[in-house]
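Note sheet for the following structure.
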Amino acid sequence: MTSETRMNTRRVFLGGMLIAGACAANRAHAAGGGSGSSGADAKGGARHAMRHARPASRPQAYRLQPEVSQTGPKVRGSTSVAHTLDTRRREIALTFDDGPDPVYTPQVLEVLRRCRVQATFCVIGSDAAAHTWLLNAIADAGHEIANHSWSHPLLTRMRSHEIHEQFARTCDVVEGAVGKAPALARAPFGEWNKRALGISASLGMSPLGWSVDTCDWEEPGAREITSTVLETVRPGSVLLAHDGGGDRSQTVAALRDFLPRLIDSGYTPVLPSDTDVFEDRTGKGWGG
Ligand SMILES: [Zn+2]
């Protein structure tokens with residue numbers, strides 16, 4: 001199989017496109033039969049950011065390029081490193097941000113255990129340090145831990161040494177707890193710039209995006225979250241949900257509902273890093 005045909009049979013993820021996306025628009029789009037989705041690490045992230053002196057202005061939302069896109073990212077000197085999921089196998093990836101949370105993370109883990117699937121937890125370092133037992137619970141169950149910064153700031157407004165500290169401290173906590181440093185990083189609000197990507201890469205991490213926002217951070221009700229997922233998920237989707245940063249009871253209730261239904265529909269949840277396709281398609285490396 002040539003690389004070209006391989007690209008044609010697998011959907012390419014990541015890249016990035018800054019948009020003024022919102023979940024309401026996401027739902028409207030889905031209701032209109034579109035296949036796109038918008039991502040917003042907004043409210044879940046916003047709560048964290050408020051806790052941690054978030055900048056006053058609202059960060060731009062962020063999303064992946066359409067899942068079928070085979071072009072590189074367009075913005076901010078972003079990377080074209082991608083992970084691909086096998087659409088023929090109807091692979092999807094479940095990701096949970098803004099934890100670990102002593103109340104909701106165990107509940108999410110229980111749903112995943114019963115469904116016998118693995119997921120990726122994008123943890124906030126300060127919370128992880130306060131609950132290292134949850135890191136062990138996540139890792140012991142075979143899930144992946146990704147770096148979601150130390151305190152959920154807008155990295156794009158930070159100096160290099162500050163970004164480095166955000167990622168490095170979190171790496172240290174994760175490695176200290178589970179013996180393995182994160183291989184993936186997700187920027188708060190999905191907001192990357194070239195500097196942050198370079199620092200993340202220097203710490204051995206690849207960026208993790210998403211393509212379907214469950215919009216659980218809006219707390220629209222479990223049924224609405226389930227509907228959003230079922231209407232927007234496609235083979236190859238990376239789903240964004242939250243196990244921390246607020247009351248995630250709706251997320252847990254929705255997960256109990258939609259995850260078995262996705263599996264019954266033939267979807268196969270996988271870990272992005274298991275797809276082992278990280279590639280720099282620009283050929284320009286990470287840049288500075
Ligand atoms: Zn977040």
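Whatever order the structure lists ligands and atoms in, that order sets their numbers, starting from 1.
- Of all N/O/S atoms in His148, NE2 sits nearest the Zn ion (ligand 1).
- Checked for salt-bridge contact, Asp101 and Arg248 miss the test: no charged N lies under 4.0 Å from a carboxylate O.
- Among heteroatoms of the N, O or S kind in His152, NE2 lies nearest the Zn ion (ligand 1).
- If you look at Phe121 and His148, their ring centroids are not closer than 6.0 Å.
- Of all N/O/S atoms in Asp98, OD1 sits nearest the Zn ion (ligand 1).
- A donor-acceptor contact closer than 3.5 angstrom is absent between the side chains of Asp97 and His242.
- Ionic pairing of Arg113 and Glu110 is present here: one or more N-O contacts between side-chain nitrogen and carboxylate oxygen are shorter than 4.0 angstrom.
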